[in-house]
Protein chains: 2
Amino acid sequence: MFDLFFTHINQKVNLSEAEQQEVKTFFAPKKLRKRQYLLQEGEPCKYLVFVEKGVLRSYNVDSKGVEHIIHFAMEGWWMGDIYSFLSGDPSGYNIDAIEDAELLMITLDGFEQMMVKVPRMERYFRILFQNNIISKERRLISSISYTAEEKYLRLVESSPELLQRIPLNLVASYLGITPETLSRIRKKLTQKK
Amino acid sequence: MFDLFFTHINQKVNLSEAEQQEVKTFFAPKKLRKRQYLLQEGEPCKYLVFVEKGVLRSYNVDSKGVEHIIHFAMEGWWMGDIYSFLSGDPSGYNIDAIEDAELLMITLDGFEQMMVKVPRMERYFRILFQNNIISKERRLISSISYTAEEKYLRLVESSPELLQRIPLNLVASYLGITPETLSRIRKKLTQKK
DNA sequence: AAAATGGATTGATCTGGATCAAGACTTTTA
DNA sequence: TAAAAGTCTTGATCCAGATCAATCCATTTT
């Protein structure tokens with residue numbers, strides 16, 4: 001259950017066997033069926049979760065009722081609404097499973113205790129957050145500076161795994177374009193080759 | 001020189017006098033004139049800087065030669081290209097001063113040593129990065145989900161200070177719209193009132 | 001195995017915001 | 001203090017991508 005979890009953590013900080021045992025105590029396992037919600041808009045986000053298996057997405061719904069995907073999380077990724085998780089305020093996001101998923105969950109209390117008890121986890125999260133900032137910044141630049149086609153090509157480049165596993169209409173939402181536009185872009189690109 | 005600096009840090013983690021003295025040793029002061037570069041595209045970002053006074057911006061230039069502003073940083077904010085800073089790779093950003101500025105700079109070596117020597121600074125940056133993720137996520141949602149007018153209104157809401165100090169053409173670039181569009185939006189909004 | 005649901009494609013049309021152009025006003029620079 | 005550069009506004013036109021609509025398959029569900 002914790003295999004992938006510690007593999008990922010030990011890539012960034014090296015935990016002793018004792019630290020691993022300590023860390024384990026803060027997490028609870030959870031299974032989620034396809035289409036099942038982990039979080040619905042209006043609820044506070046009570047858990048930060050690590051994805052052991054499956055794929056989750058987070059999205060918000062705009063004033064016209066259109067869904068906009070904020071993130072995907074597949075094996076080895078974290079998911080949650082950090083703002084709501086930390087503040088306790090109601091979340092503006094929905095999180096659900098795109099594929100059946102197995103998760104490890106931690107509460108805010110657990111998270112804060114863990115930071116104190118296992119300082120190496122504080123380091124792990126500092127590094128994780130650094131990387132998260134970098135990838136959000138890349139995405140923001142894509143979104144502000146590039147055309148729909150360029151955005152798609154950057155995604156192909158940076159996250160080919162996503163395109164293998166996620167339906168194109170969801171990929172389009174993630175890129176901030178319509179499924180029709182994405183379909184036309186892909187057609188154009190295959191013809192070009 | 002370090003007044004604002006420690007005020008900000010102590011809002012998140014409380015440093016003892018001894019810790020403050022230790023932290024100081026990792027930073028060097030720097031003044032920047034308006035329009036002067038802190039970083040130019042192609043160079044590695046050697047310093048993370050804290051703004052004691054003035055305003056900086058970071059921006060990239062797209063294939064058509066158009067500038068896109070990634071961030072502003074005024075008093076009490078940090079600035080740098082975190083990706084380039086951490087990896088040592090050449091940066092794709094430019095950073096320059098919009099107003100004369102006074103900065104405190106730290107190198108990557110300094111940063112990493114400081115994390116070890118003053119663990120409370122590791123905590124400070126973990127929290128800083130958390131908040132940074134939250135604000136980037138907000139901005140990403142703005143950018144993907146909202147119209148130009150809604151983006152502007154959200155900025156008025158979340159960062160009124162920015163609009164006081166920064167020319168509108170730069171605000172437009174930050175919002176990912178043209179100065180003409182921003183001008184028309186503002187006209188429409190004042191008429192509406 | 002029939003019906004319902006979800007995903008992808010293609011065509012026709014529409015539109016928010018970009019682009020191009022010009023003028024007014026203000027701040028720098030020489 | 002004159003000229004140049006930067007900032008903001010307004011008007012006319014254009015276009016990338018959205019919207020609306022229909023069809024085709026592939027999976028689920030019953």
Side-chain angles (χ1 to χ4, degrees), chain A residues 33-36 55 57 59 61-69 72 94 96-100 142-156 162-193, chain B residues 33-36 54-55 57 59 61-69 72 94 96-100 142-156 162-192:
Chain A
R33 288 271 171 72
K34 188 173 174 175
R35 267 157 222 275
Q36 204 180 333
V55 187
R57 64 164 179 165
Y59 63 97
V61 181
D62 71 20
S63 50
K64 290 168 206 123
V66 180
E67 290 179 5
H68 300 273
I69 292 182
F72 295 112
N94 299 278
D96 64 12
I98 297 180
E99 293 176 11
D100 289 0
S142 263
S143 164
I144 290 181
S145 313
Y146 295 154
T147 63
E149 180 174 329
E150 287 168 333
K151 284 176 203 176
Y152 171 70
L153 288 172
R154 272 167 69 98
L155 184 67
V156 171
L162 278 180
L163 290 160
Q164 312 289 17
R165 270 178 87 175
I166 293 174
L168 292 173
N169 60 336
L170 300 187
V171 171
S173 168
Y174 179 76
L175 290 174
I177 64 182
T178 59
E180 292 95 328
T181 296
L182 181 56
S183 174
R184 286 185 248 265
I185 286 168
R186 285 166 54 89
K187 188 183 177 189
K188 191 184 143 203
L189 289 171
T190 53
Q191 285 174 346
K192 199 177 276 178
K193 262 190 301 194
Chain B
R33 288 272 170 72
K34 188 173 173 174
R35 266 155 223 279
Q36 203 181 331
V55 187
R57 65 166 178 165
Y59 63 96
V61 180
D62 71 20
S63 50
K64 289 168 206 125
V66 181
E67 290 179 6
H68 300 272
I69 292 182
F72 295 111
N94 299 278
D96 64 12
I98 296 180
E99 295 177 10
D100 290 358
S142 262
S143 163
I144 290 180
S145 310
Y146 294 154
T147 63
E149 181 175 329
E150 287 167 333
K151 285 176 202 176
Y152 172 69
L153 288 172
R154 273 167 69 97
L155 184 66
V156 171
L162 277 181
L163 289 161
Q164 312 289 19
R165 268 178 88 173
I166 292 173
L168 293 172
N169 59 338
L170 300 187
V171 170
S173 168
Y174 179 77
L175 291 173
I177 65 181
T178 58
E180 292 95 328
T181 296
L182 181 56
S183 173
R184 286 185 249 265
I185 286 169
R186 286 165 55 88
K187 188 183 177 190
K188 191 185 143 204
L189 290 171
T190 52
Q191 285 172 347
K192 198 178 279 180

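We use all heavy atoms of the structure for the numbers below, so side chains are in, but hydrogens, waters and symmetry mates are not. By convention in this document, chain letters (A, B, ...) are assigned in the order of the sequence lines, proteins followed by strands, and residues within each chain are numbered from 1.
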Query - Minimum heavy-atom distance A/Thr181-A/Ala148, with the two atoms named - result: CG2-CB, 4.2 Å
Under 3.5 Å between N/O atoms: give me all the protein pairs with nucleotides 21-28 of chain C, atom names plus distance.
none

**Report entry** Nearest-angstrom distance from the residue atom CG of B/Leu170 to P of D/dT7
**Finding:** 7 Å
Report task. Determine the sole option in A/Lys34, A/Arg165, A/Arg57 for which the salt bridge (Lys or Arg N to Asp or Glu O under 4.0 Å) test with A/Glu99 is passed. Result -> A/Arg165
Report task. Starting from the 5' end of DNA chain D, give me the residue, B/Pro167 or B/Arg184, whose nearest nucleotide shows up first. Result -> B/Pro167
Query - Closest non-hydrogen atom pair, B/Thr190 against B/Lys187 - result: OG1-O, 2.8 Å
Query raised in the report: So what does A/Arg35 touch, heavy atoms closer than 4.0 Å: a base, only the sugar-phosphate, or nothing?
Result: sugar-phosphate
Query - Integer-rounded Å distance: C/dG7 P and A/Gln164 CD - result: 18 Å
Query raised in the report: To the nearest 0.5 Å, how far apart are CG in A/Leu170 and CG in A/Leu175?
Result: 11.0 Å
Query raised in the report: If we only count heavy atoms from C-beta on, is the A/Glu149 to A/Leu189 side-chain gap below 4.5 Å?
Result: yes
Query raised in the report: Quick one: are A/Leu162 and A/Val171 in side-chain contact, heavy atoms under 4.5 Å?
Result: no
**Report entry** Value in whole Å for how far the P atom of D/dG6 lies from CD of B/Glu67
**Finding:** 11 Å
Requested in this report: Note the angle between the end axes of the helix from C/dA1-D/dT30 to C/dA30-D/dT1, five pairs defining each, rounded to 10 degrees.
Outcome: 50°
Query raised in the report: Between B/Lys64 (NZ) and C/dA18 (P), how many Å, whole number?
Result: 12 Å
Query raised in the report: Within the pair A/Lys187 and C/dT9, is there a side-chain N or O less than 4.0 Å away from OP1 or OP2?
Result: no
Query raised in the report: When the distance from CG of A/Leu175 to P of D/dA18 is rounded to whole Å, what number comes out?
Result: 11 Å
Report task. Check ring-ring contact (aromatic ring centres under 6.0 Å, His included) between A/Phe72 and all other residues, then give those that pass, not counting sequence neighbours. Result -> A/Tyr174
Requested in this report: First locate atom CD1 of B/Ile185, then atom NZ of B/Lys151, and finally report the distance between them rounded to the nearest 0.5 Å.
Outcome: 9.0 Å
Query - A/Asn169 side-chain proximity, nearest of D/dG6, C/dT10, C/dG7 - result: C/dG7
Query raised in the report: Could you state the interatomic distance from CD1 (A/Ile69) to CG (A/Asn169), rounded to the nearest 0.5 Å?
Result: 7.5 Å
**Report entry** Partners meeting side-chain contact (heavy atoms from CB on, under 4.5 Å) with B/Arg33 (sequence neighbours left out)
**Finding:** B/Gln36, B/Asp100
Report task. Send over the distance from B/Leu168 CG to D/dT10 P, rounded to a whole Å. Result -> 12 Å
Would you list the protein and nucleotides 14-17 of chain D atom pairs, both N or O, that sit under 3.5 Å from each other?
from, atom 1, to, atom 2, distance (Å)
D/dG17, OP1, A/Ala148, N, 2.8

Report summary line: Rounded to whole Å, CD1 of B/Ile166 lies from C1' of D/dC8 at a distance of 17 Å
Query raised in the report: In whole angstroms, how far is the C1' atom of C/dA18 from the CG atom of B/Asp62?
Result: 13 Å
Query - Lys/Arg-Asp/Glu bridge criterion (N-O < 4.0 Å) met for B/Arg35, B/Asp96 - result: no
Requested in this report: Could I get the full list of side-chain contact (heavy atoms from CB on, under 4.5 Å) partners for A/Val61, not counting sequence neighbours?
Outcome: A/Glu41, A/Tyr59, A/Glu67, A/Asn94
